[in-house]
Student: 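Got a structure for you, questions after.
These numbers were taken from a predicted model, which means no experiment stands behind them.
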Amino acid sequence: MLLVIGRVRCGADQRERLLGLMQAMQDKSRLEEGCLRYGFFAAVEDPLTFVAVEEWADREALDRHFAQPHLREFATGLLELVSERPEVAIHEVSETNPFPGGV
């Protein structure tokens with residue numbers, strides 16, 4: 001499994017437009033084969049910062065995602081709305097276990 005974590009920050013005047021862009025990207029990406037989870041979340045400490053969390057079944061699924069037209073459209077729109085350079089990291093996960101204690 002691959003885990004993709006992204007972080008973006010926008011100006012206050014761009015927040016609503018960014019939310020719309022993220023909603024469309026999230027909805028389309030969740031329909032893709034191999035997408036296990038996909039979501040954007042507001043940072044608790046800063047309502048203008050958002051974190052993306054994506055889980056993909058394998059590298060092939062993520063590569064197909066990177067080739068989707070909606071990703072190119074998202075990237076173009078994102079660069080017009082953010083106030084800082086986006087951060088993205090891809091993590092290869094070999095094993096996942098439940099949290100100890102059953103919480």
Student: Which pair of heavy atoms, one from Gly34 and one from Ala61, lies closest together, and at what distance?
Tutor: CA-CB, 3.7 Å

Student: The test is side chain to side chain contact (heavy atoms under 4.5 Å, CB included); show your working for Trp56 and His65 and say whether it passes.
Tutor: CA-CA 9 Å; Trp56 296 92; His65 172 65; 3.4 Å; yes

Student: What pairs of residues pass the salt bridge (charged side-chain N to carboxylate O under 4.0 Å, His left out) test when at least one of them lies in residues 11-20, not counting sequence neighbours?
Tutor: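 The answer is none; no pair qualifies.
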
Student: Counting only pairs under 3.5 Å, give me each side-chain donor-acceptor contact of residues 20-27, with atom names and distances, residues two or more places apart or in other chains.
Tutor:
residue: Gln23; atom: NE2; partner: Asp27; partner atom: OD1; Å: 2.9
residue: Gln23; atom: NE2; partner: Asp27; partner atom: OD2; Å: 3.3
residue: Gln26; atom: OE1; partner: Phe40; partner atom: N; Å: 3.1

Student: May I have the list of side-chain donor-acceptor pairs in residues 83-94 shorter than 3.5 Å, sequence neighbours left out?
Tutor:
residue: Ser83; atom: OG; partner: Arg9; partner atom: O; Å: 3.2

Student: Let's go through Leu19 and Phe50 carefully: what are the C-alpha distance in whole Å and the side-chain angles of both, what is the deciding distance for side chain to side chain contact (heavy atoms under 4.5 Å, CB included) to 0.1 Å, and is it a yes or a no?
Tutor: CA-CA 9 Å; Leu19 286 172; Phe50 297 91; 3.7 Å; yes

Student: Output all residues satisfying salt bridge (Lys or Arg N to Asp or Glu O under 4.0 Å) with Glu54, sequence neighbours left out; order by chain, then residue number.
Tutor: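 Scan of Glu54 (salt bridge (Lys or Arg N to Asp or Glu O under 4.0 Å), adjacent residues dropped) gives none.
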
Student: Mind checking the SG-CG spacing from Cys10 to Leu48? Nearest 0.5 Å is all I need.
Tutor: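 Going from SG on Cys10 over to CG on Leu48, the span is 5.0 Å.
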
Student: Determine whether Thr49 and Val8 make a side-chain contact, defined as any pair of heavy atoms from C-beta on separated by less than 4.5 Å.
Tutor: no

Student: Using the rule that Ile, Leu, Val, Met, Phe, Trp and Tyr join whenever any side-chain heavy atoms are under 4.5 Å apart, tell me whether Phe41 and Leu3 fall into a single cluster.
Tutor: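 Same cluster.
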
Student: Give every donor-acceptor pair under 3.5 Å between a side-chain atom in residues 68-78 and any protein atom, sequence neighbours left out.
Tutor:
residue: Gln68; atom: NE2; partner: Arg64; partner atom: O; Å: 3.3
residue: His70; atom: NE2; partner: Glu32; partner atom: OE2; Å: 2.7
residue: Arg72; atom: NH1; partner: Ala67; partner atom: O; Å: 2.9
residue: Thr76; atom: OG1; partner: Arg72; partner atom: O; Å: 3.1

Student: Can Asp58 and Met1 be said to form a side chain to side chain contact (heavy atoms under 4.5 Å, CB included), step by step?
Tutor: CA-CA 5 Å; Asp58 51 35; Met1 185 201 25; over 6 Å; no

Student: Do Leu2 and Arg59 have side chains that get closer than 4.5 Å, going by heavy atoms?
Tutor: yes

Student: Could you work out, with salt bridge (Lys or Arg N to Asp or Glu O under 4.0 Å) as the rule, every residue matching Glu95, not counting sequence neighbours?
Tutor: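 Once residues adjacent in sequence are excluded, Glu95 has no partner under the salt bridge (Lys or Arg N to Asp or Glu O under 4.0 Å) criterion.
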
